Trainee: 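Quick one: this structure, given as structure tokens, is what I'll be asking you about.
Note that ligands are numbered from 1 as they come in the structure, with each ligand's atoms numbered from 1 the same way. As the structure is a computational prediction, the values presented were derived from the model and not from experiment. All values below were derived from every heavy atom in this structure, side-chain atoms included, with hydrogens, water molecules and symmetry-related copies excluded. Start at 1 with the first residue, then count along the sequence.
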Amino acid sequence: MAERGKFIVFEGIDGSGKSTQVRILTEKLRQERIECYATMEPTDSPIGSLIHQIMTGRVSSDPKVIAALFVADRLDHLLNDVNGICKKIEEGTTVLMDRYCFSSYAYQSVDVPMDWVIGANRLGSDILRPDVNLFLDVDPELALERISRNRFDRELFEEKSRLVRVREKYIEAFERMKGEERVVILNGSKSREEVSADVWKIVKEVTG
Ligand code: ADP
Ligand code: TYD
């Protein structure tokens, strides 16, 4: 039987560089002939597209329903028979994921008590826990600078206070989950190359 693949999750506020690092790490692992699969949440499944419709304001919903939809999307991502990641990991593929449970703990707990969000996510986290959660820590101001050209100041201001809240919630969630989850906090404000070197060090520990 194949050795189990690793499950490596990237977390961080919007614009922290997660998708950039997933891309770089995918290439490095492939060069080392480690089979890997990169994916993200929310997914592009029917549940994920409902989430996108809610996030873009086309459909409205209670924050608890949104939190539950993220859980449902996550369960489908883990378990569906076409490209469910549990099966991939069992078959020996290393899975790199842009956002997982900690995104729910941080983002949904702005509107819903964090305990509720953590409880709801046990449905997924009991099935598959990351070998490591890599948190790319970036000052919200810098994250916004990276992502937000061509936007109005007022929007930027609102966005900044939201990201400040979310970053604080991430830190609170890491503290709460200390005994259960492996989290490594990396300085995401360095250059792409420096961050990817830091990521690589941790990934070597995990895969080695
Ligand atoms: P996320 O997936 O976390 O939202 P991205 O990887 O899409 O973040 O990065 C957001 C923007 O910042 C992109 O334009 C990307 O090219 C740029 N970027 C990513 N990492 C860095 C970095 N270390 N330094 C400078 N810019 C970066
Ligand atoms: P996306 O466009 O993929 O942004 P990013 O490139 O920053 O990851 O949208 C993801 C958004 O969904 C992001 O603002 C965070 C939010 N989100 C939650 O609120 N809860 C969750 O559980 C997940 C996975 C994402």
Trainee: Side chain or backbone, does Gly17 bring an N or O within less than 3.5 Å of an N or O on ligand 1?
Mentor: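 By distance alone, the answer is yes.
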Trainee: Taking non-hydrogen atoms only, is Ser189 closer than 4.0 angstrom to ligand 1 via side chain, backbone, both or neither?
Mentor: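 Answer for Ser189: neither.
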Trainee: Give the residue and atom name of whichever protein heavy atom lies nearest to atom 3 (O) of ligand 2, and the separation in Å to one decimal.
Mentor: Pro42 CD, 4.5 Å
Trainee: Strictly below 4.0 Å, N to O, side chains only: are Glu172 and Arg176 in salt-bridge contact?
Mentor: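 Yes, charged N to carboxylate O under 4.0 Å.
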Trainee: Within 45° of the six-membered ring axis of Phe7 and under 6.0 Å from that ring's centre, is NZ or CZ of Arg129 located there?
Mentor: no
Trainee: Atom 22 (O) of ligand 2: which protein heavy atom is closest, and how many Å away?
Mentor: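 Here the nearest protein heavy atom works out to Ser104 OG, 2.6 Å.
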Trainee: With only distance considered, is Asp14 within less than 3.5 Å of ligand 1 through an N or O on each side?
Mentor: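 Among all N and O atoms of Asp14, none is under 3.5 Å from an N or O of ligand 1.
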Trainee: Name the option, out of Arg192, Glu194, Gln21, Glu145, that contains the heavy atom nearest to atom 27 (C) of ligand 1.
Mentor: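 Comparing heavy atoms across Arg192, Glu194, Gln21, Glu145, the nearest one to atom 27 (C) of ligand 1 lies in Arg192.
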Trainee: So is there a nitrogen or oxygen of Gly15 less than 3.5 Å from a nitrogen or oxygen in ligand 1?
Mentor: yes
Trainee: Step through it carefully: locate the ring centre of Phe174, locate the ring centre of Phe102, and say whether they are under 6.0 Å apart.
Mentor: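 So the answer is yes for these two rings.
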Trainee: Mind checking whether Met40 contacts ligand 2 via backbone (N, CA, C, O), side chain (CB onward), both or neither, at a 4.0 Å heavy-atom cut-off?
Mentor: neither
Trainee: Who's the nearest protein heavy-atom neighbour of atom 22 (C) of ligand 1, and how far?
Mentor: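 Answer for atom 22 (C) of ligand 1: Arg146 NH2, 3.3 Å.
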Trainee: Checking Tyr170 against Ser103: is there a side-chain donor and acceptor pair closer than 3.5 Å?
Mentor: yes
Trainee: How far is atom 2 (O) of ligand 2 from the closest protein heavy atom, and which atom is that?
Mentor: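 Ranking protein heavy atoms by distance from atom 2 (O) of ligand 2, first comes His52 CE1, 4.7 Å.
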Trainee: Hey, is ligand 2 close enough to Glu41 that some N/O pair sits below 3.5 Å?
Mentor: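 There is no such contact.
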Trainee: Give the residue, atom name and distance (to 0.1 Å) of the protein heavy atom nearest atom 8 (O) of ligand 2.
Mentor: Arg99 NE, 2.8 Å
Trainee: Considering only protein heavy atoms, which is closest to atom 1 (P) of ligand 1, and at what distance to one decimal place?
Mentor: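 Protein heavy atom with the smallest distance to atom 1 (P) of ligand 1: Lys18 NZ, 3.4 Å.
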Trainee: Considering only heavy atoms from C-beta outward, does the side chain of Pro140 approach that of Arg167 to under 4.5 Å?
Mentor: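 They are in side-chain contact.
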Trainee: Please work out which of Tyr107, Phe70, Tyr105 has its closest non-hydrogen atom nearest to atom 25 (C) of ligand 2.
Mentor: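 Considering heavy atoms of Tyr107, Phe70, Tyr105, the nearest to atom 25 (C) of ligand 2 sits in Phe70.
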Trainee: Note the single closest protein heavy atom to atom 11 (C) of ligand 2, along with its residue, its atom name and the distance in Å.
Mentor: Met55 CE, 3.8 Å
Trainee: Considering non-hydrogen atoms of the protein only, which is the closest contact for atom 6 (O) of ligand 2, and what is the distance?
Mentor: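 For this ligand atom, the closest protein heavy atom is Lys18 NZ, 4.6 Å.
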Trainee: Starting from atom 4 (O) of ligand 2, which protein heavy atom do you reach first, and at what distance in Å?
Mentor: Asp14 OD2, 4.1 Å
